[in-house]
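What follows is a short report on a single structure.
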Amino acid sequence: MDWNNCVADKTRLLTKHYNAGRSGATIQYIVLHHNAGVNLTVDDCWNIWQNRQASAHYQVQSDGLIGQLVNDWDTAWHAGDWNANCRSIGIEHANNNT
């Protein structure tokens, strides 16, 4: 991660399952998720979310690599609520515990 410029280690933007823009909302908070007992990579998340109606802005792998999957200015489908999605950044992280 380029912390000085807030640039992820890897960018692999989804082509669907998000909305362009934020419907006029501003980012107010961050929603953290985990990959529910699965140790997923950025590429794994991209592949899953191309076929599942869900997304998040970032995936943090178990090795610390941070990947961006949805642009910050767009709305990811991660919080289960439209207003929450429009007002937040969604961050998933790998879960290597079973």
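The basis for the numbers below is simple: all heavy atoms, side chains too, and nothing from hydrogens, waters or symmetry mates. Remember, predicted model here, so these are calculated numbers, not experimental data.
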Non-neighbouring partners of [X] that pass side-chain contact (heavy atoms from CB on, under 4.5 Å), sequence neighbours left out:
X	value
A76	S55, H57, V70, H78
N71	L13, Q68, W73, D74
A94	N35, N39, Q59, S62
L65	D9, K10, V42, Q61, D63

For atom CD of Q28, is the number of surrounding heavy atoms from other residues, nucleotides or ligands below 6.0 Å larger than 12? yes

Please round to the nearest 0.5 Å and tell me the distance separating atom CG of N95 and atom NE2 of H33. 14.0 Å

Rounded at 0.5 Å granularity, tell me how far CD1 in I48 sits from CG in D43. 11.0 Å

Compare all side-chain heavy atoms of Y18 with those of T75 and state whether any distance is below 4.5 angstrom. no

Are the side chains of L69 and Y58 in contact, using a 4.5 Å heavy-atom criterion? no

From the list I66, V31, L32, side-chain contact (heavy atoms from CB on, under 4.5 Å) partner of I91 resolves to L32

What residues form a ring pair (Phe, Tyr, Trp, His ring centres under 6.0 Å) with W77, not counting sequence neighbours? H17

Trace of the side-chain contact (heavy atoms from CB on, under 4.5 Å) decision for R87 with T26: CA-CA 6 Å; R87 290 176 168 74; T26 57; over 6 Å; no

Atom of Y29, atom of A84 and distance for their closest heavy-atom approach: OH-CA, 3.2 Å

For the student: nearest non-hydrogen atoms of A56 and G90, plus distance: CB-O, 3.6 Å

Not counting sequence neighbours, which residues clear salt bridge (charged side-chain N to carboxylate O under 4.0 Å, His left out) with R22? List them please. none

With sequence neighbours excluded, what pairs up with T15 under the side chain to side chain donor-acceptor pair (under 3.5 Å) test? Q50

side-chain contact (heavy atoms from CB on, under 4.5 Å) between T41 and W46, worked out: CA-CA 9 Å; T41 65; W46 190 91; over 6 Å; no

